[in-house]
Chemist: 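I'd like to ask some things about the structure below.
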Amino acid sequence: MDNKYKKENLHFKMLDKFMIMLENFDMYTRSHCLRVGIYTGLFFEYLDKYNLWTDELLKLSDDTKKDILYSSFVHDIGKTTILIDTINKNNKLTEEEWQDVLEHPQSGAFFFSSEEYRTIRNGVLMHHERYDGNGYPLGIKGKDISVGARVISIIDSFDAMTDKRPYISSGLMNLQRALDEIEKCSGTQFDPMISDLFVCMCKTKEYSEILKIKEYPQFMEDLGRDFMNSIKKDNFVLLKKKGKLLKK
């Protein structure tokens, strides 16, 4: 067994353990992470299918793409260090509770302290940074934010806007309102090039149908497993199963 295979197999086993860890902690957080992972995989597939890779994204190796996809599935693993009562609280959080929530990127990054997990660590650590520098926890801006984190930031926000969180009082947005908000925040909160590509994907008929996955829990599980399996393969081959959704 060569070193590359050993590394990928270890990555995959760790991913399984982290998903179980999230499930045991809180099913909402786990479902959110699963959807963010699926949407990230769909985004990469969309770029590949229509040859829309930008110069920056085109330079990413298959291993880096895998690590970005990996980090999208576990981007909120740091929330497992927060009291579950805080995560599920329906009322406004106290200042201390908000501070606990704001620290989850650093807490999650701690799981990936080894240098070989740098891409995964950066995706977890930086997914709440903003393109204009007004994010957290580092307050960095533009392309100082890892490209993986810039992708995850958009998709994380998209899922948050379209799925109600216990401690967020604002109502759900439909698909169009969420995409309008992403376009509005392009260049300030989000990387403008990546956000434009994500919005374009969501507006295509094929991919807008896939965004209904939360209506089909078992399909969502199968789709997530397909993408997680793609991390383990030698070639970064994405799913071929999404057409099943249209037949349900």
Side-chain angles (χ1 to χ4, degrees), residues 29 32-33 35-37 39-40 43-44 47 52-60 64-65 67-79 81-82 86 92-113 115 117-163 165 167-170 173 177-202:
T29 304
H32 164 68
C33 286
R35 289 192 301 270
V36 171
Y39 297 157
T40 302
F43 182 59
F44 282 168
L47 298 180
L52 294 173
W53 297 99
T54 65
D55 287 345
E56 182 181 26
L57 294 172
L58 190 60
K59 294 176 183 176
L60 299 177
T64 301
K65 292 174 190 174
D67 282 351
I68 292 171
L69 181 56
Y70 190 127
S71 61
S72 68
F73 277 106
V74 298
H75 70 281
D76 271 345
I77 191 66
K79 286 187 177 178
T81 64
I82 301 172
T86 299
K92 184 178 179 180
L93 298 183
T94 66
E95 184 175 339
E96 182 178 357
E97 288 168 337
W98 258 121
Q99 189 58 42
D100 288 342
V101 172
L102 293 176
E103 290 176 358
H104 79 270
Q106 298 105 307
S107 300
F110 180 78
F111 290 107
F112 305 98
S113 55
E115 183 60 22
Y117 302 127
R118 180 176 57 183
T119 300
I120 300 172
R121 180 176 68 248
N122 285 341
V124 173
L125 176 64
M126 301 178 185
H127 73 276
H128 280 296
E129 300 295 341
R130 288 174 51 113
Y131 200 73
D132 60 8
N134 291 320
Y136 67 92
L138 304 177
I140 55 179
K141 64 180 180 179
K143 294 189 177 181
D144 288 338
I145 306 167
S146 74
V147 63
R150 280 179 273 140
V151 170
I152 296 168
S153 171
I154 295 163
I155 297 173
D156 178 42
S157 297
F158 171 79
D159 189 67
M161 287 187 282
T162 55
D163 198 71
R165 299 188 177 198
Y167 51 83
I168 301 296
S169 59
S170 56
M173 293 186 183
R177 282 190 63 200
L179 296 181
D180 288 346
E181 187 67 17
I182 290 173
E183 289 182 317
K184 177 183 174 182
C185 296
S186 176
T188 53
Q189 184 173 351
F190 305 125
D191 180 305
M193 180 64 71
I194 297 174
S195 60
D196 287 351
L197 288 169
F198 180 75
V199 169
C200 286
M201 180 195 82
C202 293

Chemist: To check you understand the geometry: which heavy-atom pair defines the closest contact between K79 and T29, and what is its length?
Modeler: CD-CG2, 4.4 Å

Chemist: What closest approach, in Å, do F190 and I154 show between heavy atoms, and which atom pair accounts for it?
Modeler: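 In this case the closest contact between F190 and I154 is CD2-CG1, 3.5 Å.
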
Chemist: Quick check for you: to the nearest 0.5 Å, what is the distance between L125 atom CG and S71 atom OG?
Modeler: 11.0 Å

Chemist: Mind checking whether R121 and E115 have side chains closer than 4.5 Å, heavy atoms only?
Modeler: yes

Chemist: Just how far is it from atom CG of D191 to atom SG of C185, taken to the nearest 0.5 Å?
Modeler: 13.5 Å

Chemist: What distance do D180 atom CG and R177 atom CZ have between them, rounded to the nearest 0.5 Å?
Modeler: 9.0 Å

Chemist: Who are the side-chain hydrogen bond (donor to acceptor under 3.5 Å, both in side chains) partners of E181, not counting sequence neighbours?
Modeler: none

Chemist: Using the side chain to side chain contact (heavy atoms under 4.5 Å, CB included) criterion, which residues pair with D196? Sequence neighbours excluded.
Modeler: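 Partners of D196 by the side chain to side chain contact (heavy atoms under 4.5 Å, CB included) criterion, ordered by chain and then number, come out as S186.
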
Chemist: State which residues pass side chain to side chain contact (heavy atoms under 4.5 Å, CB included) with E95; sequence neighbours excluded, sorted by chain then number.
Modeler: none

Chemist: Kindly give the heavy-atom pair with the smallest separation between T81 and G78, and that separation in Å.
Modeler: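 Here T81 and G78 meet closest at OG1-O, 2.6 Å.
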
Chemist: Return the minimal non-hydrogen interatomic distance between F112 and I77, and the atom names on each side.
Modeler: CE1-CG2, 4.3 Å

Chemist: Does E96 CD have over 12 foreign heavy atoms under 6.0 Å away?
Modeler: no

Chemist: For the CZ atom of R130 and the OG atom of S153, what is their distance to the nearest 0.5 Å?
Modeler: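 Between atom CZ of R130 and atom OG of S153 there are 9.0 Å.
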
Chemist: Does the side chain of F43 come within less than 4.5 Å of L197's, by heavy atoms?
Modeler: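 Yes; the side chains approach each other to less than 4.5 Å.
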
Chemist: Please determine, by modelled atom types, if H75 and H32 share a side-chain donor-acceptor pair under 3.5 angstrom.
Modeler: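 Side chains of H75 and H32: pair found under 3.5 Å.
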
Chemist: Which pair of heavy atoms, one from I182 and one from S195, lies closest together, and at what distance?
Modeler: CG2-CB, 3.8 Å

Chemist: Could you give the distance from CG (L52) to CG (L57), rounded to the nearest 0.5 Å?
Modeler: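 Spacing of CG (L52) from CG (L57) equals 10.5 Å.
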
Chemist: Report all side-chain donor-acceptor pairs from residues 134-148 shorter than 3.5 Å, counting only partners two or more places apart or in another chain.
Modeler:
from: N134; atom 1: ND2; to: D132; atom 2: OD2; distance (Å): 3.4
from: S146; atom 1: OG; to: A149; atom 2: N; distance (Å): 3.1

Chemist: Looking at R35, H128, M161, which one forms a side-chain contact (heavy atoms from CB on, under 4.5 Å) with D156?
Modeler: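 The passing option is H128.
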
Chemist: Roughly how far, to the nearest 0.5 Å, is the CG atom of L179 from the CE atom of M201?
Modeler: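 One gets 9.0 Å once the value is rounded to the nearest 0.5 Å.
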
Chemist: Quick one: list whatever passes side chain to side chain contact (heavy atoms under 4.5 Å, CB included) with S72, sequence neighbours left out.
Modeler: V36, T40, L69, I152

Chemist: Are any of the side-chain heavy atoms of I68 and F44 separated by less than 4.5 Å?
Modeler: yes

Chemist: Going through the distances and angles, do D76 and H127 end up as a side-chain contact (heavy atoms from CB on, under 4.5 Å)?
Modeler: CA-CA 9 Å; D76 271 345; H127 73 276; 3.3 Å; yes

Chemist: Quick one: which of F73, F198, F158 gives a ring pair (Phe, Tyr, Trp, His ring centres under 6.0 Å) with Y39?
Modeler: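 Answer to the ring pair (Phe, Tyr, Trp, His ring centres under 6.0 Å) test with Y39 among F73, F198, F158: F158.
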
Chemist: Between G108 and V124, which heavy-atom pair has the shortest distance, and what is it?
Modeler: C-CG1, 3.5 Å

Chemist: My understanding is that only residues two or more places apart in sequence, or in another chain, count here; which of them pass side chain to side chain contact (heavy atoms under 4.5 Å, CB included) with E97?
Modeler: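 Once residues adjacent in sequence are excluded, the partners of E97 under the side chain to side chain contact (heavy atoms under 4.5 Å, CB included) criterion are T86, K89, L93, T94.
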
